[in-house]
Every structure is written in C-alpha cells, then in structure tokens.
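Quick caveat, the model's predicted, so the values are computed rather than measured. Counting begins at 1 with the first residue of the sequence.
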Amino acid sequence: MKARAKCILLIEVFWAFGTVFEVVLAVFVMPSLGWRWLLLLSAVPLLIFAVLCFWLPESARYDVLSGNQEKAIATLKRIATENGAPMPLGKLIISRQEDRGKMRDLFTPHFRWTTLLLWFIWFSNAFSYYGLVLLTTELFQAGDVCSISSQKKAVEAKCSLACEYLSEEDYMDLLWTTLSEFPGVLVTLWIIDRLGRKKTMALCFAVFSLCSLLLFICVGRTMLTLLLFIARAFISGGFQAAYVYTPEVYPTATRALGLGSCSGMARVGALITPFIAQVMLESSVYLSLAVYSGCCLLAALASCFLPIETKGRGLQESSHREWGQEMVGRGTHGTGVTRSNSGSQE
C-alpha cells in the first residue's frame with residue numbers, strides 16, 4: 001500500500017524515456033529519411049512489446065475474484081521465485097464471485113460522480129498534454145506568441161499542405177521541453193503521498209493553466225522555453241497522478257473497465273486537440289491558449305470535487321465491501337495465515 005504510488009510513478013519514467021527517444025530519433029531521421037521512416041521506426045518498440053507481453057503474469061487479484069484460485073496461487077509462486085522470496089504460509093479465501101466488465105457498474109450511486117469527474121480529468125489531461133506538444137513546434141517556428149499573432153494579421157490565409165522542417169535550434173528546444181517529463185515525475189513522486197492524489201492533480205492542472213496564461217506575454221525564446229518546460233512537466237505530472245488514482249478508486253471487479261474507459265476519454269481529447277492547437281491557432285493564438293488554460297482550470301476544480309481520496313487506503317476488492325481491503329501477508333511470522341478478502345462477505 002505504501003509503495004503503490006511510487007511504483008506506478010517509477011514505471012511512468014519510461015514514458016518520459018520514450019518521449020525523449022522520439023525527439024532524438026526525429027533529429028537523425030527526419031532530415032534524411034523523412035516522416036515515413038520516423039513512423040516505421042517508432043513502431044518497432046510496439047512490435048517488441050507485442051512479443052514480450054505474453055511474459056506478463058495475470059493479476060492475482062483478478063484471478064481470485066474470477067474463481068481461478070489455482071492460477072492465482074501459481075502467479076504468486078512465480079512472483080516469489082523471481083524475487084527470491086518464500087511464499088507466505090496460509091491459503092487464499094474466496095466466498096463470492098462477481099460479474100465483471102459492465103459499464104453500469106461505473107454509474108452506481110457510489111461511483112457515478114467519480115466516473116464523470118474522472119472522464120473529464122482524463123479528457124483534459126490528454127487534450128492539454130498533446131495540445132502543448134503541437135503548440136510547442138508552432139511557437140518555436142514562429143519565435144513566440146506575439147510573432148504568430150502578427151503573422152496572422154500580415155499574411156492572408158492560404159491553403160497549403162507543405163510542412164516546414166524544424167531547425168536544429170527547434171529540435172534542441174523541443175528536446176529541452178521534452179526532458180521536463182523527468183522533473184514532472186520527480187515532483188509528482190514527492191508530493192503525491194504528502195498532498196494526496198486529488199490535490200496533486202489539482203495543483204498540476206493549476207500550474208499548467210497559469211503557464212498557459214503567461215504565454216500571453218511577449219517573451220523571448222529563453223523564457224518561452226522555460227514556460228513550456230514548466231507547463232509540460234506539470235501536465236505530465238497530472239497525467240501520472242491520474243494513473244495512480246484511477247486504479248485505486250475502483251474495486252477489482254471494475255478496475256480495468258474504469259481505467260480503460262478513462263483512457264478512452266483521454267483519446268477523445270487527443271483527437272480533438274489538433275483542431276485547437278493548429279486550426280484555431282490560425283485564427284487566434286490567444287483564444288487557443290485561453291481554451292487550454294480554461295479547460296485545465298475546470299479540471300483542477302473537478303479534481304477537488306472528487307468524492308474519494310485514495311491516499312493511505314487499501315484497494316477495494318469488491319463493490320459489495322467497504323474501503324480498506326488489502327492482500328495482507330504475514331509470511332512466516334505470527335499465525336502464518338495469508339488472507340485475500342477478494343469478494344468475501346462478512
């Protein structure tokens with residue numbers, strides 16, 4: 001329970017590695033081979049994972065809840081062997097199985113408000129994160145916000161499908177803003193168990209909103225890069241905090257469904273954001289920035305209104321039980337009993 005947030009956030013470090021790798025790959029591939037080769041080479045890690053994912057074990061919690069007790073024990077034994085640790089004594093206890101994967105479970109009176117707020121939070125995260133990525137290249141090519149604004153007034157609208165290549169300076173500044181994901185992880189790692197999940201998400205959204213407003217000011221290249229660095233660090237941190245909170249707030253029976261539906265809403269945000277970061281930008285750069293700032297301000301409020309704070313709480317195994325259930329292993333000490341409250345009833 002104490003290490004859950006840290007483990008999830010440390011896994012998120014590899015998202016940051018991936019974003020940095022993509023920028024470095026683009027530096028070498030785009031000028032010589034073009035975007036098609038960049039897309040092809042970017043897909044190679046997915047192909048590798050498609051092969052390696054068969055090595056991943058199934059969740060023991062899920063197996064217990066679905067009645068596959070022997071499979072759950074086999075998974076736990078495998079984990080113990082790979083970690084060089086002995087299996088705790090005792091047995092897994094289960095007295096109830098539940099139906100799984102039903103959308104209506106996300107809208108029961110206990111979870112309805114949480115689900116709706118989380119959908120908006122995940123939408124805002126992806127909408128703002130990928131919007132900032134698209135805005136970064138636009139701002140670097142133009143110089144700053146004021147340059148874009150003046151160009152739109154001086155140049156008549158034209159239809160062109162030609163792409164302008166980023167300069168070496170653009171790539172270096174893009175790399176700097178991408179590196180912000182690492183301090184984003186560290187900041188979130190430091191505050192998430194101090195402030196709690198809800199306040200961490202609210203803080204990340206609020207800082208992003210403030211940095212978006214500060215971009216209204218005509219600043220130089222260095223200050224522009226710094227503001228984009230801070231904004232991306234915190235919106236990335238908000239994404240990471242949401243990844244910690246969402247699996248914690250739903251019981252095992254609906255955990256994957258809850259996380260999957262939230263991720264789906266994030267993809268909707270990612271689909272819509274180019275219309276703001278590129279299409280609306282053609283009309284008004286200030287309006288585009290205001291949309292992102294306003295969206296994240298509302299997301300900060302949504303984070304504060306989430307009814308459940310999961311900091312310091314055990315995972316809820318069943319929708320029929322109260323909070324605080326956690327798989328507790330006593331090892332070889334005390335009574336030597338290991339219990340799983342997965343779906344069991346008093």
Side-chain angles (χ1 to χ4, degrees), residues 1-18 21 45-95 97 100 181-182 184-186 188-194 197 200 239-256 258-260 263 310-318 321 323-344:
M1 188 190 306
K2 293 180 181 180
R4 187 184 305 126
K6 293 179 182 178
C7 288
I8 295 175
L9 289 174
L10 289 175
I11 291 174
E12 289 294 313
V13 169
F14 291 91
W15 171 278
F17 278 122
F21 171 78
L46 292 176
L47 181 62
I48 295 173
F49 175 72
V51 176
L52 295 180
C53 68
F54 293 102
W55 177 85
L56 290 172
E58 182 55 85
S59 165
R61 293 176 179 273
Y62 176 84
D63 284 333
V64 169
L65 190 66
S66 58
N68 296 326
Q69 193 168 352
E70 292 182 0
K71 188 177 178 182
I73 293 175
T75 298
L76 294 174
K77 286 181 178 179
R78 174 184 167 186
I79 294 172
T81 301
E82 291 178 355
N83 283 278
M87 273 287 288
L89 301 176
K91 62 181 180 179
L92 295 176
I93 301 174
I94 179 169
S95 60
Q97 299 179 29
R100 300 170 303 283
E181 305 228 0
F182 290 101
V185 172
L186 295 177
T188 307
L189 189 64
W190 186 69
I191 66 176
I192 196 167
D193 283 325
R194 290 172 170 82
R197 281 58 162 154
T200 298
F239 230 143
Q240 294 150 8
Y243 266 111
V244 173
Y245 178 86
T246 305
E248 289 181 335
V249 79
Y250 288 111
T252 300
T254 55
R255 186 167 297 134
L259 183 61
S263 182
T310 59
K311 172 190 171 184
R313 297 193 179 195
L315 295 181
Q316 188 180 10
E317 295 293 349
S318 168
R321 291 181 65 85
W323 280 94
Q325 279 63 47
E326 189 75 53
M327 296 178 77
V328 181
R330 303 181 187 226
T332 56
H333 302 286
T335 59
V337 177
T338 301
R339 297 191 303 119
S340 171
N341 287 324
S342 302
S344 59

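Side-chain N or O atoms of R197 include none that pairs as donor or acceptor with a backbone N or O of T310 at under 3.5 Å. With hydrogens and angles ignored, the 3.5 Å screen pairs no side-chain donor or acceptor of S263 with any backbone N or O of L259.
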>> For L56 and F49: C-alpha separation, side-chain torsions, deciding distance, then whether side-chain contact (heavy atoms from CB on, under 4.5 Å) applies.
In response: CA-CA 10 Å; L56 290 172; F49 175 72; 4.2 Å; yes
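Between R194 and K311, the shortest heavy-atom contact is O-NZ, 3.1 Å. Nearest heavy-atom pair across A60 and A72 is O-CB, 3.8 Å. Considering every non-hydrogen atom in both A241 and T200, the closest pair reads CB-CG2, 4.0 Å. Between L10 and L189, the shortest heavy-atom distance links the atoms CD2-CD2, 4.3 Å.
Among residues two or more places apart in sequence or in another chain, the side chain to side chain contact (heavy atoms under 4.5 Å, CB included) test is passed with F182 by V13, A16, F17, V20, L179. Scored by the side chain to side chain contact (heavy atoms under 4.5 Å, CB included) test, L186 finds no partners at all (sequence neighbours excluded).
The distance from atom OG1 of T188 to atom CH2 of W190, rounded to the nearest 0.5 Å, is 12.0 Å. Between the SG atom in C53 and the CD1 atom in I48 there is a gap of 12.5 Å [rounded to 0.5 Å]. Atom CD of Q240 is separated from atom CD1 of I192 by 9.0 Å, given to the nearest 0.5 angstrom.
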Atom pairs and distances, donor-acceptor, side-chain atoms in residues 74-81, under 3.5 Å, two or more places apart:
unit_1 : atom_1 : unit_2 : atom_2 : d
T75    : OG1    : K71    : O      : 3.0
R78    : NE     : E82    : OE2    : 3.2
R78    : NH1    : W55    : O      : 3.4
R78    : NH2    : W55    : O      : 2.5
T81    : OG1    : K77    : O      : 2.9

